[in-house]
Number of protein chains: 2
Amino acid sequence: MSEIFDALAHPIRREVLELLKRGGMSAGEIADRFPVSKPTMSGHFAKLKAAGLIRGENRGGSIIYTLNLSTLEEALLGFMGRVGIGSGAGETPPTAEGETT
Amino acid sequence: MSEIFDALAHPIRREVLELLKRGGMSAGEIADRFPVSKPTMSGHFAKLKAAGLIRGENRGGSIIYTLNLSTLEEALLGFMGRVGIGSGAGETPPTAEGETT
DNA sequence: GAGCCATTTCGTCATTTAGCTAAATATCTA
DNA sequence: TAGATATTTAGCTAAATGACGAAATGGCTC
């Protein structure tokens, strides 16, 4: 959970997710759209992947990253429910916040 | 926008928001629920306030913090729209351009 | 195997963050 | 005014983050 919100905390990583909304894209192709080095972008990909927000598929010498929308949706809707947005009827069903920071 | 996601990146700050869902609470009362010092909590409050996620009302020697749900809702729903969750199909239609190989 | 391309890992650096204690700043009450 | 309480600011340290260039790795295609 914390891993997901940590991943969302960087503007480049949020933009990567928005970019991938349209479909899969290779690491290099994504990296070309941002004003930082490829190694830096690789680090961002790693963080997004560790959070389960993207998936990397090795294809023909390059890696195609795709958005894993369900993880994102679950995290955001879950948190919204806990603070009382959206489905927020009011009560907090299973609080399952096992953050062992 | 980045300020909001930065604020949401820390588990204590997310828990504070959840706590305030039930209603206003004084800084000290909130701080007592977390295993860090009051100055540290004060820093968290400052960050949440700077992001517009909570409001502080000075009342009788203590400060009552309340959740500013609209900021949170706007940010989360806005981002969800941009990545294609929820209102999904509405904004920025998905032009399946990735498959045009 | 050699070369090439795409991507990641490594080593380093600067900046930011989160935490602490101690001190300062209100604000209420007597 | 003095004292008590509540909260923040100041100053510090340790750890995490984000960035870079250089080097290493993994797959193709000769």
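Order of the sequence lines fixes the chain letters, A, B, ..., with proteins taken first and strands second; residue numbering starts at 1 for each chain. Computed from a predicted structure; not experimentally measured.
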Would you say a side-chain N or O of [X] is under 4.0 Å from OP1 or OP2 of [N]?
X: A:Tyr65; N: C:dT8; answer: yes
X: B:Asn58; N: C:dT27; answer: yes
X: B:His44; N: C:dT17; answer: no
X: A:Thr40; N: D:dG18; answer: no
X: B:Arg59; N: D:dA6; answer: no
X: A:Lys38; N: D:dA19; answer: no
X: B:Ser42; N: D:dT7; answer: no

From [atom1] of [X] over to [atom2] of [N], roughly how many Å is that when rounded to an integer?
X: B:His10; N: D:dT17; atom1: NE2; atom2: C1'; answer: 14 Å
X: B:Met41; N: C:dC20; atom1: CE; atom2: C1'; answer: 15 Å
X: A:Glu3; N: D:dA16; atom1: CD; atom2: P; answer: 14 Å
X: A:Ile30; N: C:dT8; atom1: CD1; atom2: P; answer: 9 Å
X: A:Met25; N: C:dA6; atom1: CE; atom2: P; answer: 16 Å
X: A:Glu57; N: C:dT7; atom1: CD; atom2: P; answer: 13 Å
X: A:Phe45; N: C:dA6; atom1: CZ; atom2: P; answer: 14 Å
X: B:Arg13; N: C:dG19; atom1: CZ; atom2: C1'; answer: 12 Å

Ring centres of A:Phe5 and B:Phe5 under 6.0 Å apart?
-> no

Output, in order, the C-alpha distance, side-chain angles, deciding distance and verdict of side chain to side chain contact (heavy atoms under 4.5 Å, CB included) for A:Thr66 and A:Ile54.
-> CA-CA 5 Å; A:Thr66 54; A:Ile54 63 174; over 6 Å; no

In short, A:Gly81 meets B:Lys21 closest at the heavy-atom pair O-NZ, 4.0 Å

Please test B:Leu48 against B:Tyr65 for side chain to side chain contact (heavy atoms under 4.5 Å, CB included), starting from the C-alpha separation and ending with a verdict.
-> CA-CA 10 Å; B:Leu48 287 168; B:Tyr65 282 115; over 6 Å; no

When you measure from the side chain of [X], which nucleotide among [options] comes out closest?
X: A:Ala27; options: C:dG19, C:dC20, C:dT7; value: C:dT7
X: B:Ser26; options: C:dA6, D:dT7, D:dG18; value: D:dT7
X: B:Pro39; options: D:dT9, C:dT7, D:dA22; value: D:dT9

Within the structure shown, what part of the strands sits under 4.0 Å from [X] by heavy-atom distance: base, sugar-phosphate, or nothing?
X: B:Lys49; value: nothing
X: A:Gly60; value: sugar-phosphate
X: B:Ser62; value: sugar-phosphate

Does one side chain, of A:Asn68 or A:Ser70, offer a donor that lies under 3.5 Å from an acceptor on the other?
-> yes

Side chain to side chain contact (heavy atoms under 4.5 Å, CB included) between B:Met41 and B:Val36, worked out | CA-CA 7 Å; B:Met41 287 304 294; B:Val36 296; 3.5 Å; yes

Relative to the 5' end of DNA chain D, which residue comes earlier, A:Ile12 or A:Gly61, by the nucleotide with the nearest heavy atom?
-> A:Ile12

